[in-house]
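The block underneath contains the structure these notes are about, expressed in structure tokens.
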Amino acid sequence: MHFHVRMDVRLPHDMDQDTLAQLVAREKAYSQQLQRSGKWPHIWRIVGEYANFSIFDVETNDELHSVISGLPLFPYMDIHVTPLARHPSDIDQG
């Protein structure tokens, strides 16, 4: 199942910089592990925002929730999920 996910990060302005650096490093490692596994095949930065558009390829809604809620930055995110289905006019449908 494919999902389009928008993630907007909202960090506290007074967050300790060392804590922030550790959090961001853990986030990067976790997200890259998911990318290598194929569960997070696409991620794009939204220009001018601390946000991204991503495509996830997972088996179930519950798996997506588990993957997203495992993100170290999850407590600081506004997340919007859209389930995707193949379009009948897609020439790469196979």
Side-chain angles (χ1 to χ4, degrees):
M1 298 173 67
H2 288 92
F3 296 89
H4 172 271
V5 180
R6 179 181 173 130
M7 294 179 245
D8 293 276
V9 181
R10 310 263 189 254
L11 296 170
H13 297 291
D14 59 350
M15 181 177 277
D16 175 74
Q17 292 303 300
D18 290 334
T19 301
L20 175 59
Q22 292 172 13
L23 190 61
V24 169
R26 288 185 13 242
E27 179 83 8
K28 182 176 182 177
Y30 181 70
S31 70
Q32 288 180 345
Q33 172 193 355
L34 290 167
Q35 290 173 61
R36 283 192 274 291
S37 76
K39 294 187 182 299
W40 195 339
H42 301 286
I43 182 171
W44 295 274
R45 173 178 284 158
I46 300 173
V47 175
E49 300 181 38
Y50 194 173
N52 72 72
F53 286 129
S54 293
I55 301 295
F56 286 87
D57 185 3
V58 294
E59 296 297 319
T60 65
N61 294 341
D62 290 333
E63 182 182 11
L64 179 65
H65 180 76
S66 177
V67 165
I68 291 173
S69 63
L71 290 164
L73 287 173
F74 178 76
Y76 306 103
M77 290 182 174
D78 294 327
I79 298 172
H80 302 278
V81 176
T82 305
L84 300 173
R86 294 246 180 233
H87 195 283
S89 297
D90 182 357
I91 62 172
D92 291 327
Q93 217 173 173

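For reference, positions follow the sequence shown, starting with 1.
The minimum heavy-atom distance linking G38 with D57 is given by the pair O-CB, 3.9 Å.
Here T19 pairs with D16 under the side chain to side chain donor-acceptor pair (under 3.5 Å) rule; sequence neighbours left out. Every residue two or more places apart in sequence or in another chain was checked for a ring pair (Phe, Tyr, Trp, His ring centres under 6.0 Å) with H2, and none qualifies. The ring pair (Phe, Tyr, Trp, His ring centres under 6.0 Å) check on H4 picks up F53, with sequence neighbours excluded. Residues satisfying the salt bridge (charged side-chain N to carboxylate O under 4.0 Å, His left out) criterion with R86, sequence neighbours excluded, are D90. Remark: E63 pairs with K39 by the side chain to side chain donor-acceptor pair (under 3.5 Å) rule, at least two apart or across chains. Checked against side chain to side chain donor-acceptor pair (under 3.5 Å), D18 has no partners two or more places apart in sequence or in another chain.
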For a quick test of your reading: what N or O donor-acceptor pairs under 3.5 Å do the side chains of residues 68-82 make, sequence neighbours left out?
unit_1 : atom_1 : unit_2 : atom_2 : d
S69    : OG     : H65    : O      : 2.8
S69    : OG     : S66    : O      : 3.3
D78    : OD2    : R10    : NE     : 3.1

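Placement of I46 and V24 in two distinct hydrophobic clusters is found when ILVMFWY residues are connected by side-chain heavy-atom separations under 4.5 Å, directly or transitively.
Identified under the side-chain hydrogen bond (donor to acceptor under 3.5 Å, both in side chains) test for residues 44-55, with sequence neighbours left out: R6-E49, W40-S54, N52-S54.
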Decide yes or no on side chain to side chain contact (heavy atoms under 4.5 Å, CB included) for M1 and L64, but give the supporting numbers first. CA-CA 9 Å; M1 298 173 67; L64 179 65; over 6 Å; no
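With rounding to the nearest 0.5 angstrom, the CD atom of Q22 is 11.5 Å from the CD atom of Q17.
A side-chain donor-acceptor contact under 3.5 Å links Q35 to the backbone of S31.
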